[in-house]
Amino acid sequence: LPGLKRQAPRSTFTPPAKRPSIVQPFRSPAKPADYSPAPLPVRSRPPPKLPPVTVRNSAAKIQPEPSKKSHSADSLRRDKPECRSLRSVADQIVTTVQEATALGVPQEAIAITAKTAREFRFAVGTGHWGWQEARQTLIVRGCVPGAIPDAWVHNHFRWCVWNAASYARRLPATWSSFWSVEAVVDRLWRRYEREHLLGQRSALKRILEADSAAQQPMILVVSEVDCARDAVRMEVTDGWYAVTTSVDTVLERALRKGKLRVGDKIACIGARINGVGEG
């Protein structure tokens, strides 16, 4: 009817009954405010027994325990050589030929170079001992003949002889421990052990076998210098293998003036190699 307001329909919703609270069966009940836990029982343990103390005489020498490493029948490993720091032998180093000669260094050790060390032969009794005899000595010691061809022995014999002569000249007080057939054979044996038994390779060998980049940082030794009129060539070595290099203007000037000589070490980085693929 006109003039009457429409009433809103009554809601028929009835609220549900209050749900009961959920009881957790594994939850411990609330503890009262004045609750205090019972003290734990104290267990009395005897003090630990210490091992007996043995007083050693300071003057007595303590014998080292024998090595527990097992050596198989086909193992060719040998004890590592004694390493000496440069500080321990700094007072024994000489710098002149006269001092080395006065201390008994042989003239052949003083005059040897990296170039003449290739075909050097030690005087043994009534004969001579060179790189061919060195290969036979290594085979007798137990080296595999196929692992040490003539080229391998010839190359390492050269660097072992040059290294031994350098030590004999610089440390003339103990030159006999460096300049001898036994010392060269020991050096060749350690190289065979590291390269063929342990699989270790020098920096130049990894580069020449395309397993490393020539740009890597490395320290090389100048072994030979050829100052021709048109160009200057230099041979460098890492002590195991050598390569012939072509130098730039700065190195050529240093070589011609004598500022860079055989035996000096140079730090190389960013070098390039020709004729061998990069690693």
Side-chain angles (χ1 to χ4, degrees), residues 83-122 131 154-175 177-180 183-184 187 191 202-208 214-275:
C83 297
R84 293 182 294 178
S85 62
L86 183 61
R87 181 179 299 178
S88 63
V89 297
D91 56 342
Q92 305 176 14
I93 297 177
V94 299
T95 57
T96 61
V97 177
Q98 292 76 12
E99 292 177 337
T101 306
L103 291 175
V105 180
Q107 188 63 30
E108 57 185 8
I110 296 176
I112 201 166
T113 62
K115 187 175 182 178
T116 59
R118 298 175 184 267
E119 305 298 335
F120 180 79
R121 297 171 67 87
F122 286 90
W131 68 268
H154 197 187
N155 171 73
H156 289 286
F157 179 83
R158 173 195 181 189
W159 301 118
C160 289
V161 169
W162 189 45
N163 184 272
S166 301
Y167 273 106
R169 291 191 295 260
R170 291 295 184 179
L171 302 174
T174 57
W175 68 267
S177 62
F178 303 110
W179 188 250
S180 63
V184 174
R187 292 174 184 270
R191 290 178 180 234
S202 64
L204 288 182
K205 185 174 179 62
R206 293 196 305 267
I207 293 174
L208 294 175
Q215 292 83 0
Q216 65 179 356
M218 51 186 169
I219 305 295
L220 301 177
V221 181
V222 180
S223 55
E224 289 186 22
V225 175
D226 183 14
C227 292
R229 293 184 178 180
D230 52 348
V232 176
R233 290 193 174 273
M234 177 177 61
E235 184 189 58
V236 293
T237 176
D238 57 2
W240 289 60
Y241 296 91
V243 292
T244 303
T245 63
S246 57
V247 299
D248 55 8
T249 307
V250 178
L251 287 178
E252 181 179 355
R253 188 185 309 114
L255 290 170
R256 291 189 182 276
K257 290 184 177 181
K259 295 183 178 180
L260 184 61
R261 299 171 296 178
V262 173
D264 292 342
K265 294 182 178 180
I266 55 176
C268 304
I269 186 172
R272 293 180 301 174
I273 187 168
N274 299 325

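Along the sequence shown, residues are numbered consecutively beginning with 1. Computed from a prediction, not measured in an experiment: that's the story for all the values here.
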(request) If a pair satisfies ring pair (Phe, Tyr, Trp, His ring centres under 6.0 Å) and one of its residues is in residues 233-256, list it, with sequence neighbours excluded. (result) His156-Trp240, His156-Tyr241
Please report the interatomic distance [atom1]([X]) to [atom2]([Y]), rounded to the nearest 0.5 Å.
{"X": "Phe157", "Y": "Arg191", "atom1": "CZ", "atom2": "CZ", "value": "12.0 Å"}
{"X": "Ile110", "Y": "Ser166", "atom1": "CD1", "atom2": "OG", "value": "12.0 Å"}
{"X": "Ile207", "Y": "Gln216", "atom1": "CD1", "atom2": "CD", "value": "4.5 Å"}

Nearest heavy atoms of [X] and [Y], plus distance in Å:
{"X": "Val105", "Y": "Ala168", "value": "CG2-O, 3.6 Å"}
{"X": "Leu255", "Y": "Cys227", "value": "O-SG, 4.3 Å"}
{"X": "Ala183", "Y": "Ser177", "value": "CB-O, 3.6 Å"}
{"X": "Ala109", "Y": "Ala165", "value": "O-CB, 3.6 Å"}
{"X": "Trp159", "Y": "Ala114", "value": "CZ3-CB, 4.1 Å"}
{"X": "Asp238", "Y": "Ala203", "value": "OD2-N, 3.4 Å"}

(request) In sequence, state the C-alpha distance, the side-chain angles, and the governing distance for Leu251 and Val232, and then conclude on side chain to side chain contact (heavy atoms under 4.5 Å, CB included). (result) CA-CA 9 Å; Leu251 287 178; Val232 176; over 6 Å; no
Only counting residues at least two apart or in another chain, list the ones meeting side-chain hydrogen bond (donor to acceptor under 3.5 Å, both in side chains) with [X].
{"X": "Trp162", "value": "none"}
{"X": "Ser246", "value": "none"}
{"X": "Arg121", "value": "Glu133"}
{"X": "Trp179", "value": "Glu108"}

(message) Would you say CZ of Arg233 has more than 12 non-hydrogen atoms from neighbouring residues, nucleotides or ligands within 6.0 angstrom?
(response) no
(request) Could you pull out all residues at least two apart from Thr249 that satisfy side-chain contact (heavy atoms from CB on, under 4.5 Å)? (result) Arg253
(request) Write out all pairs satisfying side chain to side chain donor-acceptor pair (under 3.5 Å) with one or both partners inside residues 255-266, taking only residues at least two apart or from two chains. (result) Glu252-Arg256
Side-chain contact, heavy-atom cut-off 4.5 Å: [X] with [Y]?
{"X": "Val161", "Y": "Trp131", "result": "no"}
{"X": "Glu99", "Y": "Arg169", "result": "no"}
{"X": "Leu260", "Y": "Ile266", "result": "yes"}
{"X": "Leu208", "Y": "Ile273", "result": "yes"}

(request) Please check if the side chain of Thr101 supplies one atom and the backbone of Val97 the other of a donor-acceptor pair under 3.5 Å. (result) yes
(message) Please list all pairs meeting salt bridge (Lys or Arg N to Asp or Glu O under 4.0 Å) that have one or both residues in residues 154-167, counting only residues at least two apart or in different chains.
(response) Arg158-Glu224, Arg158-Glu235
